[in-house]
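First listed ligand is number 1; within each ligand, the first listed atom is number 1.
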Amino acid sequence: MSGELKGLLEAAREAADTIEAWREQGFHIRVISHLDADGLAAAGIIGRCLYRLDLPFRIRIARWLNEEVVRELAEEPKNPLIFTDMGSGYLELIGQELPGTPIIILDHHPPVGEAPEGVVHVNPHLFGVDGSREISGAGVTYLVAREVSQDNRDLAYLAVVGALGDLQDKYGDRGLGGVNEQIVRDAEETGRIKRSLDLLLYGRETKPIHRALAHTTNPFLPGISGEEDRCLALLSKAGIKLKEGDRWRTPSELTREEKESLFSLITEHLLAQGVKVDRAFKLIGTVYTLVREKPATPLRDGREFASLLNACGRLDRAGLGVSICLGDRTHALREAQEVLDEYRRKLMETMSWVFEEKGRLQERENVYVLHGKDQISERLVGTVASLTASNMPGAAKPVVAYAYVKDEGLAKVSLRMGPGCPPIDLGEVARIAAEACGGMGGGHDVAAGAQIPLEKVDEFLELVDRLVGERVGEGDTQA
Ligand code: C5P
Ligand code: ZN
């Protein structure tokens, strides 16, 4: 075992011992987790771990950690708190507002400052493990659950879903790597997940093939993504049968030959559009199948599971997502499926809006700015920024997208690095710029966010442009 991993596991052990001690004292636990897929998966893992220990708990999901959220926690009775997939970026705030509360932080965001005295802080960055690529918030939470009991190894699949939700599939064949690789192995050994190399079409377990192809946005395939009719034409050209009797076939049912002819047609199509063939190769990658889930449900495919959780979180139905992670496969799943459809519909609409007119994406000296204002929902802006950044090949500048949250007098900003960008720390840029504008910001090197007062948007954007420029100029290679 590497020294880095050893340190991380020791910290996980300390957190597990703390939970054990809380149990002996008969505490009621408060869990607070992040609203994205990784955060919901983390909440599910810790919830199941506490449930198995017979420890009473309550889970609360937050969009972000700010003074208001922490103060609300401070006003409650001082029961122990577990932060999952959040907390490390706001250690000072936690120390100031929650003195005397027993606290565990299980996070993978880069820590800012020092953990307050007595707080158990488990974070890969403290041990030289890259938290933006190698392990997610759900992964850190899983390591602790596994230290609590080996029986919790059967929760590894949720940590895989969390890592996919945080787009950590950046290793070879679009697979997970680093500590995540070990977590995937736990998920395989407990019979939950099977890996295979396949076409990464969106909705591979649930959608008719032409729709799955049209809904694939990562990679974005010009002339195919968002174009159901063209996809139908392409598929019939490839001689692919779309229906089995009355039932639509799904991509997971395609035979090897069918996949090969579809792939070569897509490649030809892209070449004809003047798009580099590399793009098509990004369509082939590691599929994580959750073999215990029913076929034809969005839970069967790890990426689709993650996007279902993300949709629940973003459309104010975080409770549904948590229920699914806690094991509900009845009404919660049916409802979540509807939420997912609605979310995807809105997302496709917004992405068409982004690429509809050139001016929507403004090129500045060092960044691209997407002026979402009140055209992009604050709930979608993070995902829209990710998709925009990953679909701007060769663009060596990060994407900064913002949307108004009018009733709070705020703008929600999301910063994302695209594939061609030089390595700089966007989390630091977001934090410095947001603080200078009276807001809050932070996050990972490749994906960060901020909330700032509405009237400061222009100032913030200028500052971000400058800070990015300075870092690129320095050849900053900080991870
Ligand atoms: O909200 P968004 O998806 O753009 O956030 C990107 C990353 O930045 C997330 O991991 C989020 O937790 C982090 N973030 C943060 N502080 C903020 C806003 C976002 O650490 N104020
Ligand atoms: Zn996360």
Side-chain angles (χ1 to χ4, degrees), residues 32-45 61-70 83-94 105-113 123-125 130-142 158-168 180 306 309-310 313-314 370 372 376-389 398-403 405 408 410-417 425-435 437-453 460 464:
I32 171 147
S33 196
H34 191 208
L35 152 152
D36 68 3
D38 184 27
L40 297 183
I45 293 170
I61 302 297
R63 271 188 302 182
W64 46 65
L65 210 56
N66 57 16
E67 274 159 29
E68 196 186 321
V69 175
V70 179
F83 288 94
T84 53
D85 193 36
M86 55 170 26
S88 296
Y90 300 91
L91 295 169
E92 196 183 310
L93 182 66
I94 290 172
I105 299 173
L106 310 177
D107 195 3
H108 69 134
H109 293 96
V112 178
N123 186 308
H125 295 277
D130 179 357
S132 69
R133 281 164 57 93
E134 286 193 49
I135 186 166
S136 66
V140 173
T141 309
Y142 168 71
L158 280 173
V160 174
V161 170
L164 292 171
D166 263 6
L167 309 179
Q168 295 192 325
N180 281 328
L309 294 181
N310 193 39
R314 302 291 172 191
L370 181 57
I376 296 183
S377 153
E378 162 248 324
R379 305 148 191 272
L380 292 178
V381 70
T383 311
V384 169
S386 297
L387 286 176
T388 308
V399 170
V400 184
Y402 69 91
V405 195
E408 294 180 45
L410 291 174
K412 163 79 190 72
V413 193
S414 287
L415 302 88
R416 298 289 190 275
M417 208 79 112
D425 185 351
L426 287 180
E428 192 191 25
V429 168
R431 181 172 55 80
I432 297 173
E435 282 171 6
C437 297
M440 293 181 87
H444 305 287
D445 50 355
V446 290
Q451 303 83 41
I452 49 167
F460 177 85
V464 165

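Taking the six-membered ring for Trp and the full ring otherwise, His108 and His444 have centroids separated by under 6.0 Å.
The backbone N or O of Gly427 lies less than 3.5 Å from a partner atom in the side chain of Asp425, making a donor-acceptor pair.
Between the side chains of Asn180 and Gln168, at least one donor N or O lies within less than 3.5 Å of an accepting N or O. Side-chain contact of Ser88 with Asn123: a donor-acceptor pair under 3.5 Å is present, judged by distance alone. In this structure, a donor-acceptor pair under 3.5 Å is absent between the side chains of Ser33 and Asp85.
For a heavy-atom separation below 4.0 Å, the residues in contact with ligand 1 are His34, Tyr90, His109, Lys412, Ser414, Arg416, Met440, Gly441, Gly442, Gly443, His444, Ala447, Ala448, Gly449, Ala450, Gln451.
Ion pairing between Arg63 and Glu408 holds under the 4.0 Å rule for side-chain N and carboxylate O.
The environment of Glu435 atom CD is dense: over 12 non-hydrogen atoms of other residues, nucleotides or ligands sit within 6.0 angstrom.
No side-chain heavy atom of Val400 sits under 4.5 Å from any side-chain heavy atom of Leu370.
Using cut-offs of 30° and 60° for the angle between ring planes, the His109 and His34 rings count as perpendicular.
Within the sub-2.8 Å shell of the Zn ion (ligand 2), the protein contributes these N/O/S atoms: Asp38 OD2, Asp85 OD1, His108 NE2, Asp166 OD2.
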